[in-house]
S.K.: 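First, the structure itself, so that you have it in front of you.
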Amino acid sequence: MCVTSPPYYGLRDYGEQGQIGIEQTPDEYIARLVAVFDEVYRVLAKDGTLWLNIGDSFAGSGKGPMSLAVAGNGKNRELYQKDSRIYDVPKKWEGIKPKDLIGIPWMLAFALRARGWYLRSDIIWYKKNCLPESAKDRPTKTYEHIFLLAKSRQYYFDYRAIQEPIKEVSKERYKRGRSANSKYVGHQGITQVREDFSDFDQQYRRKRDVWEVSTNTYKMDEHFAMFPERLIEPCILAGSKVGGVVLDPFFGSGTTGAVAKRFGRDFIGIDLNARYLEKAKERIDKVIPEIA
């Protein structure tokens, strides 16, 4: 399986030649990511899955602090690194109006689907402690996408590994709705009696597609964007077996490797930044496996 979070478009300069995220257009950015995931598709097991965390971006209005800093007349100009290649990324493109939400996640999801991936689920990562935003003409954004894609129509997915406990109030509500004496009109108008669920004792339910996970996570110098371990725990548990291999082509701080090791999986991590890989190795070396 593969679980990863590539650099978001136009967000920051990681200082590496060949990095992704500073292309001149959203289409170029998508094309480069598709090329990466073509290779992931090639090496993935036939029944493998890809869990892809990706955020969106906005077209610039020309009045934001970064635009003003570039122009040299913004009060926040000292806050921005002058040699960052982010300044070279346009904020306006043909067909995308100023202030438009670009739709990067769905552009990528549809492009991957066109390349042969099965687009199976759009999981919402709800950040219950999201950062405040300065925009006053739209709601504050509190979520990101995690797309579940599969290489084949039939793929490995261990739903039992990520089942959620059912609350007692839900059990009681289910019992009331399935009482032994309730009658209903069934197939072809035949009156039927419901099965008796008064002794209903089911403990778990299937995991839902909205995951509430705090952004609090492992801290590592120099790396700014790290997804929390709790966010990818269900991805690895559902998408791989003990002893399986988890791939992350945008390894960054090593969260994928840390979780994979803790759950008894092997991993392959790739990143352009050698400093990140050194820090990630130090982090992962300290992880104690919970599953042998």
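Keep in mind the model is a prediction, meaning the values are calculated, not measured.
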S.K.: What is the distance from atom NZ of K261 to atom CG of D266, rounded to the nearest 0.5 Å?
M.R.: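 Separation between the atoms: 11.0 Å.
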S.K.: With rounding to the nearest 0.5 angstrom, report the OG1 to CD1 distance, T49 to I236.
M.R.: 10.5 Å
S.K.: Kindly list each side-chain donor-acceptor pair under 3.5 angstrom involving residues 101-109, sequence neighbours excluded, with atom names and distances?
M.R.:
none

S.K.: Can you list every salt bridge (charged side-chain N to carboxylate O under 4.0 Å, His left out) pair that touches residues 37-54, not counting sequence neighbours?
M.R.: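 Applying salt bridge (charged side-chain N to carboxylate O under 4.0 Å, His left out) to every pair that reaches into residues 37-54, excluding sequence neighbours, yields D38-R115, E39-R42.
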S.K.: So, S121 and D209: side-chain donor and acceptor under 3.5 Å apart, yes or no?
M.R.: no
S.K.: Evaluate side chain to side chain contact (heavy atoms under 4.5 Å, CB included) for F267 paired with V259, printing each intermediate quantity in order.
M.R.: CA-CA 9 Å; F267 66 90; V259 176; over 6 Å; no
S.K.: Please identify each residue that fulfils salt bridge (charged side-chain N to carboxylate O under 4.0 Å, His left out) with E133, with sequence neighbours left out.
M.R.: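 For E133, the residues satisfying salt bridge (charged side-chain N to carboxylate O under 4.0 Å, His left out) (neighbours in sequence not counted) are R138.
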S.K.: Do T255 and R283 pair up side chain to side chain, a donor and an acceptor below 3.5 Å, judged on atom types alone?
M.R.: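 There is such a pair (donor and acceptor under 3.5 Å, judged by atom type) between the side chains of T255 and R283.
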S.K.: Is any side-chain heavy atom of P90 closer than 4.5 Å to one of T25?
M.R.: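 Counting from C-beta outward, T25 and P90 never come under 4.5 Å.
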S.K.: For residues 151-161, which residue pairs qualify under salt bridge (charged side-chain N to carboxylate O under 4.0 Å, His left out), counting only residues two or more places apart or in two chains?
M.R.: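 Passing the test, one end in residues 151-161: no pairs.
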S.K.: Would you say the ring centers of Y155 and Y118 fall short of 6.0 Å from each other?
M.R.: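 Not under 6.0 Å, so no.
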S.K.: May I ask you to list the residues sharing a hydrophobic cluster with V210, side-chain cutoff 4.5 Å, ordered by chain and number?
M.R.: I124, Y126, Y143
S.K.: Can you tell me how far apart SG (C2) and CG (L149) are? Round to the nearest 0.5 Å.
M.R.: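 Separation between the atoms: 10.0 Å.
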S.K.: Flag yes if L119 and L52 sit in one hydrophobic cluster, no otherwise; membership is Ile, Leu, Val, Met, Phe, Trp, Tyr, and two members link when side-chain heavy atoms are under 4.5 Å apart.
M.R.: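 As far as the 4.5 Å side-chain criterion goes, L52 and L119 are connected within one cluster.
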S.K.: Any chain of hydrophobic side-chain contacts (each under 4.5 Å) joining V34 to Y8?
M.R.: yes
S.K.: If you apply the rule side chain to side chain contact (heavy atoms under 4.5 Å, CB included), what do you find for Q203 with I166, and how did you get there?
M.R.: CA-CA 5 Å; Q203 301 299 312; I166 294 179; over 6 Å; no
S.K.: Other members of the hydrophobic cluster containing I288, with the 4.5 Å side-chain heavy-atom rule, please.
M.R.: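 Reading the cluster by chain and number, I288 sits alone, since nothing else belongs.
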S.K.: I need the minimum non-hydrogen distance between I96 and P26, along with the two atoms involved.
M.R.: CD1-CG, 4.2 Å
S.K.: Which distance, rounded to the nearest 0.5 Å, do you find between the OG1 of T256 and the CD1 of I270?
M.R.: 11.5 Å
S.K.: Check whether W125 reaches the backbone of V213 with its side chain - one donor and one acceptor, N or O, closer than 3.5 Å.
M.R.: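 Indeed, once roles are kept as given, a pair shorter than 3.5 Å links the two residues.
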S.K.: Can Y159 be reached from M1 by stepping across I, L, V, M, F, W or Y side chains whose heavy atoms are under 4.5 Å apart?
M.R.: yes
S.K.: V36, I22: one ILVMFWY side-chain cluster at the under-4.5 Å cut-off?
M.R.: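 As far as the 4.5 Å side-chain criterion goes, I22 and V36 are connected within one cluster.
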S.K.: Just jot down the salt bridge (charged side-chain N to carboxylate O under 4.0 Å, His left out) partners of K97, sequence neighbours excluded, or say none.
M.R.: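 K97 satisfies salt bridge (charged side-chain N to carboxylate O under 4.0 Å, His left out) with D100 once adjacent residues are dropped.
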S.K.: Can you name the closest pair of heavy atoms from K207 and I162 and give their distance?
M.R.: CB-O, 3.3 Å
S.K.: Could you grab the distance from atom CG of L131 to atom OG1 of T140, nearest 0.5 Å is fine?
M.R.: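 Result: 10.0 Å between the selected atoms.
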S.K.: List the residues meeting side chain to side chain contact (heavy atoms under 4.5 Å, CB included) with E290, not counting sequence neighbours, and say none if there are none.
M.R.: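 E290: side chain to side chain contact (heavy atoms under 4.5 Å, CB included) contacts with R262, F263.
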S.K.: Scan for ring-ring contact (aromatic ring centres under 6.0 Å, His included) pairs involving residues 17-42, sequence neighbours excluded, and state none if there are none.
M.R.: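 Matches after skipping sequence neighbours: Y9-Y29, Y41-W117.
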S.K.: Run the side chain to side chain contact (heavy atoms under 4.5 Å, CB included) check on E278 and Y276 step by step: do they pass?
M.R.: CA-CA 5 Å; E278 291 173 2; Y276 293 169; over 6 Å; no
S.K.: Do E282 and L277 touch side chain to side chain, with heavy atoms closer than 4.5 Å?
M.R.: no
S.K.: Can you see which heavy atom on G252 is nearest to which on A280, and at what distance?
M.R.: O-CB, 4.0 Å
S.K.: Go through the structure and list residues passing salt bridge (charged side-chain N to carboxylate O under 4.0 Å, His left out) with K281, not counting sequence neighbours.
M.R.: D285
S.K.: Please find the pair of heavy atoms, one from S5 and one from N53, that lie closest to each other, and give the distance.
M.R.: OG-OD1, 3.0 Å
S.K.: Would Y204 and F157 show up in the same hydrophobic cluster when neighbours are defined by side-chain heavy atoms closer than 4.5 Å?
M.R.: no
S.K.: Search all heavy atoms of W51 against all heavy atoms of C235 and return the closest pair with its distance.
M.R.: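 So the two residues come closest at CE3-SG, 3.5 Å.
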S.K.: Taking all non-hydrogen atoms of both residues into account, name the closest pair between R205 and R208 and its distance.
M.R.: CD-NH1, 3.2 Å
S.K.: Assess whether side chain to side chain contact (heavy atoms under 4.5 Å, CB included) is satisfied between W211 and L231, documenting all intermediate values.
M.R.: CA-CA 8 Å; W211 298 356; L231 184 67; 4.2 Å; yes
S.K.: Which residue pairs satisfy the salt bridge (charged side-chain N to carboxylate O under 4.0 Å, His left out) criterion with at least one member in residues 22-35, sequence neighbours excluded?
M.R.: E23-R32
S.K.: Measure the CG-CG distance between L33 and L112 for me, rounded to the nearest 0.5 Å.
M.R.: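 If we round to the nearest 0.5 Å, L33:CG and L112:CG are 8.0 Å apart.
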S.K.: Can you list everything that forms a salt bridge (charged side-chain N to carboxylate O under 4.0 Å, His left out) with K127? Sequence neighbours excluded, please.
M.R.: E144
S.K.: Under 4.0 Å between a side-chain nitrogen and a carboxylate oxygen: does that hold for D137 and K99?
M.R.: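 Salt bridge present between D137 and K99.
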S.K.: Looking at side-chain heavy atoms only, is the closest gap between D248 and V3 below 4.5 Å?
M.R.: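 Heavy-atom side-chain distance check fails, nothing below 4.5 Å.
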